[in-house]
Amino acid sequence: MADIPKTYDQSKEPDIYKLWELSGYFNPDNLSGKPFTIMMPPPNVTGTLHVGHAVFLTLQDIMIRFERMRGRKTLWLPGTDHATIATSSKVEAMIYKQEGKTRHDLGREEFEKRAAKFAQESHDTIVHQVRRMGASCDWSREAYTFDQDRSLAVRTAFKRMYDDGLIYRGFRIVNWDPKLKTNVSDDEIEWKEEAAPFYYLKYGPFTIGTARPETKFGDKYVVVHPKDARYHEYKHGQQLEVEWINGKITATIIKDEAVDMEFGTGVMTITPWHDATDFEIAKRHNLDKEQIIDDRGVLLAVAGEFVGQHIKKARPLIVEKLKAKGLVEKIDEAYFHRVATNSRGGGIIEPQIKEQWFVDVNKETKNKKSLKELMLQAIKSEKIKIIPERFEKIYFHWIENLRDWCISRQLWFGHQIPVWYRSSEIYCDVEPPKGQGSTSAKASADKWTQDPDTLDTWFSSGLWTFSTLGWPQEATDLKTFHPTDVLETGYDILFFWVARMILMSEFLLGDIPFRTVYLHGLIRDKDRQKMSKSKGNVIDPLGVIDTYGSDALRMGLIVGNLPGNDLPLSEDKVRGYRNFANKIWNAARFVISNCSSPLAGEDVPTSVGTDEGGTKLTKDDKTILKDLDKFAAAVTKKLEKFDFAHAAEDLYHYFWHTFADKIIEESKTKLADPKKRASAQLMLKIMLETQLKLLHPFMPFVTETIWQLEHKDLLMIQKWPKQ
RNA sequence: GGGCAAUUAGCUCAGCGGUUAGAGCGCUGCAUUCACAUUGCAGAAGUCGGUGGUUCGAAUCCACCAUUGCCCACCA
C-alpha cells in the first residue's frame with residue numbers, strides 16, 4: 001500500500017494527456033474500423049475558453065472515446081474560428097483603450113497585423129485549455145477558419161455561388177453599426193427593451209407618433225391605411241403644404257396596408273433610408289429616399305441648423321425646437337420600444353441603405369431547389385436528425401422566415417471578398433485577375449481593385465465540415481470522413497452555424513454535412529443566472545480544474561445535462577465529483593492491493609475457469625459478474641442514444657453504491673476465507689477493470705491513471721466491455 | 001402578436017400509464033486505527049402548479065387555466 005497514495009492526485013493529469021497524445025491514437029490514421037467523425041466547433045480566437053466550451057469538449061470527447069473503444073476509426077478534428085466581428089471588435093477596443101486610436105488611424109495593413117497577433121495568442125491559450133480538458137482530438141489535422149487552406153475553400157465556395165447567380169450585390173437597407181462601422185446580418189441583432197419618450201407631432205392636418213424625432217427631417221410622405229375611414233377624404237398621391245421642423249415642405253399622401261390603424265393615430269411619416277419598414281413602403285410606391293444620418297450617426301445637411309451633430313445630442317434640441325414651433329401635441333413618457341443592437345459587442349443599429357453582397361436563398365439552384373428548400377429537405381427527409389427533436393420545428397420556422405443572407409462586412413479582419421473592379425467591369429474568381437490584383441484603395445481607374453469588404457464569419461465556418469478535410473481538392477480525408485457523424489453544439493447557434501453548414505454542404509457537395517445534430521444547453525450559475533463578466537459569476541474552467549481536476553469538472557457538466565436544457569453549475573457539484581474520483585481511486589487501491597500479485601504477495605488468478613483451467617468462480621461472484629454485464633449493456637445503450645447524463649449518473653451510482661458500498665464490503669469476508677479468496681480476487685479485478693473502461697469516456701484521467709498502475713498499454717484503446 | 005418549453009423533497013433535476021414517487025447536493029443523528037472523513041451507517045423531508053376529463057388505474061395521456069423562461073416578428 002505504501003506505493004499508492006491515499007488520495008488521487010489530479011495534478012498529474014497533464015502527464016497522462018501527454019501519454020495519450022504521444023501514443024498517436026488521437027489520429028485516426030493509427031486506428032482501423034469504420035470511421036466516426038466529429039468536427040469540433042471552433043472556438044473564437046477572442047481570448048480564453050469559458051465553461052460553455054468545456055461542455056462541448058466533454059460531450060464530444062465522451063462520444064469519441066466511446067466510439068474509439070468500440071473499434072471505430074475516430075476523427076475529432078479541432079480548430080479555431082477567426083470570428084470576424086467578435087475579434088475585430090475586441091482588438092479595436094483594446095487598441096483604443098491602450099493607444100486611443102481607431103483602426104482607421106492605424107490603416108488596414110497594420111490593423112490586420114495586430115489582429116493576427118492577438119488571434120495567435122488567443123489560439124495558443126485555447127489550445128492549451130482544450131488539452132487540459134482531456135480532449136482526445138487529432139492535433140495533426142488542426143484547422144483555422146482563416147488559414148490558407150480554408151481561404152481557398154472560401155474563395156472557391158464564393159466563386160461557385162457567384163457563378164450560379166446565388167450571390168449578388170445590391171443596394172438594400174442593412175443593419176448598420178455606427179460604432180464598429182460595419183453592417184451586420186439580421187441574426188446578429190439583439191433587441192433590447194428601452195424606455196423612451198414617444199412624441200405626438202403635428203404634421204399638417206395630421207398627428208404622427210414617433211420615438212425618433214431626429215430622423216424626421218426629410219419626412220415628406222405621410223402614410224395611412226387605405227381602409228382607414230378617418231382619412232377617407234385624402235387621396236393617394238394628394239399633396240399638401242405642411243409646416244415642419246425646418247420650415248414648409250410639400251407632403252404627399254400615401255395609402256399602404258403596412259400601417260396599423262390601431263397604433264397611435266394611424267398616420268405615420270416615413271424615413272426610407274433609416275427604417276426597414278419605411279424602405280419597403282418606399283419601394284412599393286417608388287418614392288424618394290434621402291439619407292439623414294451618416295455612417296457615424298451624425299446628422300447631414302438636410303437637418304439644417306443641426307447638421308454635424310450626433311443624433312444622441314441633437315434629439316433633445318430638436319424636440320425643443322418642435323415645442324417652440326408648437327408642433328408637439330403631447331409626449332408619452334411611459335413608452336417602451338425595442339432598440340436593435342449589435343450582439344457582438346457593437347453599438348446601436350442605425351439602418352442605412354448600402355451596397356452589400358447577399359446570398360439569395362430563394363433562387364433555384366442547378367438542381368431546381370432553392371437554398372431554402374435544400375436546408376429544409378435535409379431535415380424533413382430525416383437524413384439529418386436533431387436532438388432534441390423540438391428544435392426541428394424551430395429550425396423550420398426560422399427557414400420559412402429567412403431572408404437573403406447579407407455576407408459582406410466593412411471590416412478588415414476576415415476573408416476579403418474575391419471580387420475585383422475596374423471602372424464598370426467586375427471580376428470574380430478564386431485568384432486575382434491576371435497581372436493586377438491591387439488591394440490598395442488608391443489604385444487608378446485602369447487597374448483592378450479588390451472589393452474592400454470581408455465576409456461574414458459564418459460564411460467560412462459554414463464550410464467547416466469539409467473545408468477541414470481538404471475540399472475543394474479531391475482529398476482522401478474528404479472521402480473517408482464526410483459526411484461527419486455528429487455535430488454537437490449549443491442550441492444558440494442553430495441558425496448561425498448549423499443551418500449555414502447544411503446550406504453550404506448541400507449546395508457545394510450535394511450531401512448532408514452530418515447525420516445527427518446534438519444540441520446542448522447553456523451553462524448557468526447555481527442560481528440559474530446567465531454567466532457574464534458584469535455579474536461576476538463566470539466560472540473559469542481552468543480554475544476549477546486546478547482545484548478539483550478535469551474529471552470532476554467533466555462529470556459536473558454532464559450529469560443532469562439533458563439536450564437543449566440549460567444546466568446550473570455549482571462548485572458544490574464539482575466537488576462532489578472530485579470526491580467520486582477519489583472514491584474510484586481508493587476502491588482501486590483496495591482491489592489492487594488485494595488482487596495484484598506483487599502487492600498481495602501471492603499468485604493471483606487471472607482468468608475465469610474453463611475446462612482448460614483457470615479459476616472457478618463461486619455462485620455468488622458469478623451472479624455479481626452477470627449483473628455487471630447487464631449493467632454494461634444498459635450503459636452502452638444509453639450512450640448509443642446520446643443519453644450521456646443518465647449514463648454518467650448510472651455509472652456513478654453503480655460504482656459507489658453497488659461496487660464500493662456492497663460488493664467490496666462483502667468481499668472482505670470472502671477474501672478471508674481460503675475457499676472463496678481466489679474467486680473473490682478475480683471477481684474484484686474484473687469488476688474494477690470493466691468499470692474503469694465504462695467510466696473512461698467520462699473520467700478519462702483518473703481511470704487511465706489507475707490503469708497505468710498495472711498495465712503497459714493504454715486504457716484509452718481497450719476494447720469496450722459490451723458490443 | 002405568433003411559437004416552444006418548463007412547473008415533482010429546502011436547492012438542482014430524474015421518472016412520462018401499473019406495486020409504499022427517486023437521485024445528487026443540503027439538513028439531522030450516530031460511527032472513526034480495518035481502501036477512502038474527499039468516509040460509512042441511519043434518518044427527516046413531496047396532497048408530483050390548479051381545475052376538469054379519459055382509464056380498472058394518471059406525476060405520467062387530453063382540455064382549459066395560472067406562473068416562469070426562451071425563441072421568432074418591420075408596430076412608426
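All values below come from the heavy atoms of this structure, side chains included, with hydrogens, waters and symmetry mates left out. Every chain is numbered from 1 and lettered A, B, ... according to where its sequence line falls, protein lines coming before strand lines.
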Looking at A:Gly134 and A:Phe701, what are the two nearest heavy atoms and their distance?
CA-CZ, 3.5 Å

Answer with base, sugar-phosphate or nothing: what part of the nucleic acid does [X] contact at a heavy-atom distance below 4.0 Å?
| X | result |
| --- | --- |
| A:Leu567 | nothing |
| A:Ala587 | base |
| A:Ser570 | nothing |
| A:Arg212 | nothing |
| A:Gly266 | base |
| A:Ala211 | nothing |
| A:Asn565 | sugar-phosphate |
| A:Arg390 | sugar-phosphate |
| A:Glu262 | nothing |
| A:Val591 | nothing |

Separation between the [atom1] atoms of [N] and [M], rounded to whole Å:
| N | M | atom1 | answer |
| --- | --- | --- | --- |
| B:C4 | B:U47 | P | 32 Å |
| B:A59 | B:A6 | C1' | 14 Å |
| B:C30 | B:G24 | C1' | 22 Å |
| B:A31 | B:G50 | P | 42 Å |
| B:U67 | B:A76 | P | 26 Å |
| B:C75 | B:C70 | C1' | 22 Å |
| B:A9 | B:G46 | C1' | 5 Å |
| B:G22 | B:C16 | C1' | 14 Å |

Can you list the steps and then say if A:Glu389 with A:Lys385 is a salt bridge (Lys or Arg N to Asp or Glu O under 4.0 Å)?
CA-CA 8 Å; A:Glu389 212 175 281; A:Lys385 184 109 208 65; 3.5 Å; yes

Counting only Watson-Crick or G-U wobble pairs whose two distances fall under 3.5 Å, which nucleotide matches [N]?
| N | value |
| --- | --- |
| B:G1 | B:C72 |
| B:C61 | B:G53 |
| B:G43 | B:C27 |
| B:A9 | none |
| B:C48 | none |

Whole-Å distance separating the [atom1] atom of [X] from the [atom2] atom of [N]:
| X | N | atom1 | atom2 | result |
| --- | --- | --- | --- | --- |
| A:Glu666 | B:G40 | CD | C1' | 15 Å |
| A:Trp191 | B:C70 | CH2 | C1' | 18 Å |
| A:Tyr8 | B:U39 | OH | P | 16 Å |
| A:Ile664 | B:G40 | CD1 | C1' | 13 Å |
| A:Met268 | B:A76 | CE | C1' | 6 Å |
| A:Asp661 | B:C41 | CG | C1' | 10 Å |
| A:Ile399 | B:A73 | CD1 | P | 14 Å |
| A:Asn582 | B:G40 | CG | P | 11 Å |

Check whether the side chain of A:Lys583 and the base of B:C36 form a donor-acceptor pair under 3.5 Å.
yes

Look at the aromatic rings of [X] and [Y] and report parallel, tilted or perpendicular, splitting at 30° and 60°.
| X | Y | answer |
| --- | --- | --- |
| A:Trp656 | A:Phe580 | parallel |
| A:Tyr335 | A:Phe263 | perpendicular |
| A:Phe642 | A:Phe644 | perpendicular |

Residue mapping more 5' on RNA chain B - nearest nucleotide basis, A:Phe263 or A:Lys6
A:Lys6

Is it possible for you to check whether A:Lys323 lies under 6.0 Å from the centre of the six-membered ring of A:Tyr199, through NZ or CZ, and within 45° of that ring's axis?
no

Here's one to test your reading of the geometry: is the NZ or CZ of A:Lys380 within 45 degrees of the ring axis of A:Phe396 and under 6.0 Å from its centre?
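Yes - A:Lys380 lies over the ring of A:Phe396, closer than 6.0 Å to its centre and within 45° of its axis.
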
Which residues in residues 545-558 of chain A have at least one heavy atom lying under 4.0 Å from any atom of RNA chain B?
none

Contacting residues from residues 490-498 of chain A, given that a heavy atom lies under 4.0 angstrom of RNA chain B
none

Under-4.0 Å side-chain N/O to phosphate OP1/OP2 contact, A:Asn579 with B:U39
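For B:U39, OP1/OP2 do have a side-chain N/O of A:Asn579 under 4.0 Å.
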
Taking [Y]'s backbone N and O only, do any of them form a donor-acceptor pair with [X]'s side chain (distance below 3.5 Å, no angle check)?
| X | Y | value |
| --- | --- | --- |
| A:His274 | A:Thr215 | no |
| A:Asp275 | A:Thr271 | no |
| A:Arg315 | A:Ile311 | no |

For the side chain of A:Ile394, counting heavy atoms from C-beta on, which of B:A35, B:G15, B:C71 is nearest?
B:C71

Among B:C4, B:A14, B:C75, which is the nearest nucleotide to the side chain of A:Arg338?
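The answer is B:C75, which lies nearest to the side chain.
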
Residues, nucleotides or ligands: over 12 heavy atoms within 6.0 Å of [X] [atom1]:
| X | atom1 | value |
| --- | --- | --- |
| A:Arg284 | CZ | yes |
| A:Glu262 | CD | no |
| A:Lys289 | NZ | yes |

Summarise how protein sits on nucleotides 22-28 of chain B as a single string, 5' to 3': B when a protein heavy atom is under 4.0 Å from the base, S for sugar-phosphate-only contact, - for no contact.
-SSS---

OG1-CZ distance between A:Thr7 and A:Arg589, expressed to the nearest 0.5 angstrom:
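So the gap between those two atoms works out to 8.0 Å.
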
Go through the steps for A:Tyr652 and A:Phe698 under the test ring pair (Phe, Tyr, Trp, His ring centres under 6.0 Å), then give the verdict.
CA-CA 10 Å; A:Tyr652 173 91; A:Phe698 299 87; over 10 Å; no

